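A short worksheet on the structure shown next.
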There are 2 protein chains.
Amino acid sequence: MSRVDRTPALTTTSFAILGLLAIRPWTTYELAVQMERTLNRVWPRARSRLYEEPKKLVAHGLAEAARETVGRRPRTVYTITEEGRRALAEWLRTPGAGPSLEFEQNLKLFFADFGTRDDALAQLEAAREWATAQLEVFVTAARDYVEDRGPFPQRLAVTSPGARFLVDFYDLVDRWAAWASTIVQGWPEDPSQAEPTLEVDQYILRLAEERARRPGGDAAVPAPDLAPHQVSGP
Amino acid sequence: MSRVDRTPALTTTSFAILGLLAIRPWTTYELAVQMERTLNRVWPRARSRLYEEPKKLVAHGLAEAARETVGRRPRTVYTITEEGRRALAEWLRTPGAGPSLEFEQNLKLFFADFGTRDDALAQLEAAREWATAQLEVFVTAARDYVEDRGPFPQRLAVTSPGARFLVDFYDLVDRWAAWASTIVQGWPEDPSQAEPTLEVDQYILRLAEERARRPGGDAAVPAPDLAPHQVSGP
DNA sequence: CTCGGATAGTCTCGAAGGGACTATTCTGGA
DNA sequence: TCCAGAATAGTCCCTTCGAGACTATCCGAG
């Protein structure tokens with residue numbers, strides 16, 4: 001009531017920063033750089049945001065700020081507190097949200113019948129380039145890690161399953177765009193005149209149904225019966 | 001300068017709405033529902049946003065609003081203009097952004113060493129449930145489409161490649177989470193004590209490098225040499 | 001000695017999210 | 001036939017975010 005304190009609420013982004021602080025102390029600038037290089041891939045946030053979060057953490061008692069100075073330039077080093085570690089563990093216990101995907105190139109493909117076939121092909125080509133670029137950055141970083149030149153090698157056991165997801169995701173985008181290109185190339189100039197390819201639709205449906213029937217339980221998953229991103233010829 | 005009009009700029013969301021209007025006229029409510037059911041999967045936006053967009057389109061001359069009334073309740077039906085169709089085609093010509101992914105469950109996995117093994121397993125299980133739920137909704141909708149009961153069957157040719165991406169994405173999340181679960185089950189109670197599994201890391205690296213070498217050109221993509229989401233036993 | 005890139009931030013504005021709130025119309029079952 | 005609840009058709013508010021402009025110092029290579 002009245003106009004009491006109101007320290008802004010903690011968000012997922014706050015806990016992402018808090019997690020980094022649990023690894024070691026950082027300055028805000030280092031946090032921002034680290035975030036851009038790694039966490040951005042699963043939790044993208046604007047740089048400007050990242051400068052606010054540590055302050056919130058301090059306000060909540062989850063981190064401490066130490067003002068230092070390099071020459072005449074001041075900087076702030078943040079360190080996690082014991083309460084911060086408890087809060088982080090607590091956050092890890094609560095269920096997280098499922099993936100949320102924004103995919104403008106796919107959105108444009110969805111409206112392809114209001115443009116030209118070449119427009120659609122350009123979107124798919126851009127998607128492939130995106131995937132390639134992501135993978136290149138990834139390979140460089142991953143090679144460093146495997147050759148023991150990466151930071152925090154002791155965290156590798158914990159981080160590699162998540163990394164696997166990213167590689168597979170980039171690979172999916174690439175394979176899908178390549179496959180979709182072959183489909184779109186078969187369209188007429190004006191995509192609104194394209195004939196529905198029933199094989200594709202039934203194939204999609206079969207894939208989806210098959211998966212929906214797969215037991216939700218556990219254990220090893222068999223390799224897919226249907227080769228991904230290949231359309232069987234008629 | 002001074003304090004002139006300033007009709008707010010058009011965003012990707014504006015064009016998503018404009019694309020729907022290119023299919024047929026809608027009321028704002030219908031647009032919001034349609035968006036939630038379909039476009040949300042590649043371009044998720046809050047409902048409240050969707051009520052603003054058509055007004056912007058009108059302000060830019062890309063759509064027209066017709067006030068109607070059902071009984072005593074007023075409603076507004078939006079129709080695309082010729083200029084709107086031109087703007088849409090123009091937008092389709094410009095390259096779209098690559099995918100952007102938010103994945104909180106994976107983020108929590110990334111910090112698994114500050115929680116317990118069971119916390120990590122719970123995140124993965126939640127990811128599987130999410131994927132299953134998405135697929136179930138998808139299957140229901142897709143079955144309707146294939147059995148000719150879906151709206152806009154004439155757009156099927158254009159929309160099914162994009163749908164394929166979604167099925168594969170959900171499938172990826174599911175397979176990955178199942179695979180990752182088997183890895184995490186091998187961890188000790190305290191994940192910070194987990195041993196790095198070099199096989200996994202080198203496997204990831206090999207996958208990534210192999211892909212990075214793949215020609216960025218075109219044409220059919222061969223089936224992957226390595227079965228997705230299976231770790232070869234030692 | 002200097003110049004460009006890395007370090008270390010602040011600030012602003014508009015876009016987006018999330019939900020509370022209102023009100024009328026339609027539909028299926030008692 | 002009547003009523004409850006779902007669907008229709010929005011408005012409003014507050015907070016968070018994103019994108020980028022802006023400032024300033026430090027450090028290393030040539």
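The structure presented is a predicted model; accordingly, all values stated were derived computationally and were not measured. Just so we're on the same page: letters track the sequence lines, and every chain starts at 1. For the numbers below, each heavy atom of this structure counts, side chains included, while hydrogens, waters and symmetry mates do not.
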What contact category does A/Thr27 fall into here, base, sugar-phosphate, or nothing, at under 4.0 angstrom with non-hydrogen atoms?
sugar-phosphate
Does B/Arg47 reach a base, just sugar-phosphate, or nothing at all? Heavy atoms under 4.0 Å.
nothing
B/Ile17 CD1 - D/dG10 P separation (whole Å):
13 Å
Send over the distance from A/Tyr51 OH to D/dA19 C1', rounded to a whole Å.
15 Å
Touch check for A/Pro44, heavy atoms < 4.0 angstrom, all strands: base, sugar-phosphate only, or nothing?
sugar-phosphate
Should the heavy atoms of other residues, nucleotides or ligands under 6.0 Å from CZ of A/Arg37 be counted, would the total exceed 12?
no
Categorize A/Ala32 for me: base, sugar-phosphate, or nothing, with a 4.0 angstrom heavy-atom threshold over every strand shown.
nothing
For D/dA9 and B/Tyr29 - does any side-chain N or O of the residue sit under 4.0 Å from the phosphate oxygens OP1/OP2?
no
Any base atoms under 4.0 Å from A/Thr28, or only sugar-phosphate, or nothing? Heavy atoms, all strands.
sugar-phosphate
B/Thr81 side chain to B/Gly61 main-chain N or O, any donor-acceptor pair under 3.5 Å?
yes
Whole angstroms only, please: what is the CH2-C1' distance between A/Trp43 and D/dC17?
12 Å
Any donor-acceptor N or O pair under 3.5 Å, side chains A/Arg45, A/Thr13:
yes
Once you round it to whole Å, what is the distance between C1' of D/dC17 and NZ of A/Lys55?
16 Å
Answer yes when B/Arg86 and B/Glu83 have at least one side-chain N-carboxylate O distance shorter than 4.0 Å, and no when they do not.
no
Residue closer to the 5' end of DNA chain D, A/Val70 versus A/Thr12 (nearest nucleotide)
A/Thr12
B/Phe103 and A/Phe165: CA distance, side-chain angles, deciding distance, side-chain contact (heavy atoms from CB on, under 4.5 Å) verdict
CA-CA 11 Å; B/Phe103 196 170; A/Phe165 179 82; 3.6 Å; yes
Remember a base hit wins even if backbone is also touched, and classify B/Arg75 as base, sugar-phosphate or nothing at under 4.0 Å, heavy atoms.
sugar-phosphate
Residues A/Gln123 and B/Thr94: closest non-hydrogen pair is NE2-O, 3.0 Å
Reckon B/Glu68 touches a base, only the sugar-phosphate, or nothing at all at heavy-atom distances under 4.0 Å?
nothing
So which one's nearest nucleotide on DNA chain C is more toward 5', A/Glu52 or B/Thr11?
A/Glu52
Would you check, one step at a time, whether the test side-chain contact (heavy atoms from CB on, under 4.5 Å) holds for A/Trp43 with B/Asn106?
CA-CA 9 Å; A/Trp43 198 253; B/Asn106 199 348; over 6 Å; no
Among the nucleotides D/dT16, D/dG18, D/dG10, which one has an atom lying closest to any side-chain atom of A/Ser48?
D/dG18
To the nearest angstrom, the CZ-P distance between A/Arg49 and D/dG18 comes to 7 Å
Would you please confirm or rule out a distance under 4.0 Å between OP1 or OP2 of D/dG10 and any side-chain N or O of B/Thr76?
yes
Has B/Gln34 got more than 12 heavy atoms of other residues, nucleotides or ligands less than 6.0 Å from its CD?
yes
Tell me whether the side-chain N/O atoms of A/Arg73 come closer than 4.0 Å to OP1 or OP2 in D/dA24.
no
DNA chain C: first to last nucleotide in contact with chain B (atom under 4.0 angstrom from a heavy atom), 5' to 3', is C/dA15 to C/dC26
Between D/dG10 (P) and B/Trp26 (CH2): distance, integer Å:
14 Å
Separation of D/dC27 C1' from A/Arg72 CZ (nearest whole Å):
14 Å
How many whole angstroms separate atom CZ of B/Arg45 from atom P of D/dC17?
14 Å
